[in-house]
Amino acid sequence: MREQIFSPISFGSLNLKNRIVRSATWEGRATVEGVVTDSLLDMVEGVAKGGAGLIITRHVYVRQDGPGSPWQVGCYDER
């Protein structure tokens, strides 16, 4: 089983170095306006350096009036 977790896998043109997936979550590390912070970038960098084969992006809102929780990342304009 251990060998499978750390072995490469492909899905179409997506090639992963292993089968460890970090799922989408809410970290509460954005600003009140939804802007990504250094704290969030540091956390994602740590997950990547830890060896995850795939990191799925977080809980994000796409309209300015659409956050579902405080300190959530917003992607509603080109800041």
Side-chain angles (χ1 to χ4, degrees):
M1 180 71 147
R2 182 178 174 92
E3 297 79 27
Q4 278 187 314
I5 292 171
F6 294 103
S7 66
I9 190 167
S10 296
F11 301 96
S13 62
L14 177 64
N15 301 307
L16 304 178
K17 68 179 184 177
N18 60 49
R19 299 165 189 224
I20 299 171
V21 177
R22 194 336 178 112
S23 65
T25 60
W26 170 83
E27 293 86 7
R29 295 183 186 215
T31 66
V32 173
E33 297 83 19
V35 177
V36 171
T37 62
D38 287 340
S39 173
L40 179 57
L41 294 174
D42 291 344
M43 189 273 312
V44 173
E45 181 180 28
V47 172
K49 286 182 176 178
L54 176 66
I55 301 171
I56 300 174
T57 55
R58 53 221 17 87
H59 178 53
V60 175
Y61 63 98
V62 295
R63 287 181 32 160
Q64 192 168 6
D65 63 350
S69 52
W71 310 290
Q72 179 183 351
V73 174
C75 185
Y76 55 85
D77 65 22
E78 295 186 29
R79 294 176 271 168

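What you see is a predicted model, and the numbers here were worked out from it, not measured in a lab. Numbering of residues begins at 1 and proceeds along the displayed sequence.
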Closest approach of Lys17 to Ala52 (non-hydrogen atoms, all atoms of both residues):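 Smallest heavy-atom distance, with atoms named: CE-O, 4.1 Å.
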For Gly66 against Tyr61, the heavy-atom pair lying closest together: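 Closest approach of Gly66 to Tyr61, heavy atoms only: O-CB, 3.4 Å.
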By salt bridge (charged side-chain N to carboxylate O under 4.0 Å, His left out) - contacts of Glu45 (at least two apart):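 If we apply the salt bridge (charged side-chain N to carboxylate O under 4.0 Å, His left out) test to Glu45, skipping adjacent residues, the hits are Lys49.
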Under 3.5 Å donor-acceptor, Arg19 side chain and Gln4 backbone: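 Yes; judged by distance alone, with no hydrogens or angles, the pair exists.
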Euclidean distance, Ser10 OG relative to Leu16 CG, rounded to 0.5 Å: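 If I round to the nearest 0.5 Å, the distance is 7.0 Å.
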Inter-residue atom distance Ile20.CD1 - Leu54.CG, 0.5 Å rounding: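 One finds 11.0 Å between CD1 of Ile20 and CG of Leu54.
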Kindly work out whether a path of hydrophobic side-chain contacts (I/L/V/M/F/W/Y, heavy atoms less than 4.5 Å apart) joins [X] to [Y].
| X | Y | result |
| --- | --- | --- |
| Val44 | Ile56 | no |
| Val21 | Leu14 | yes |
| Val60 | Val47 | yes |

pair Val32-Trp71: side-chain heavy atoms closer than 4.5 Å: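 In short, these two side chains touch, coming nearer than 4.5 Å.
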All side-chain contact (heavy atoms from CB on, under 4.5 Å) counterparts of Leu41, not counting sequence neighbours: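 Per chain and number, Leu41 pairs via side-chain contact (heavy atoms from CB on, under 4.5 Å) with Val36, Asp38.
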side-chain hydrogen bond (donor to acceptor under 3.5 Å, both in side chains) against Glu27, all qualifying residues, sequence neighbours excluded: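 Testing Glu27 for side-chain hydrogen bond (donor to acceptor under 3.5 Å, both in side chains), a comparison that skips the adjacent residues, returns Arg22, Thr25, Arg58.
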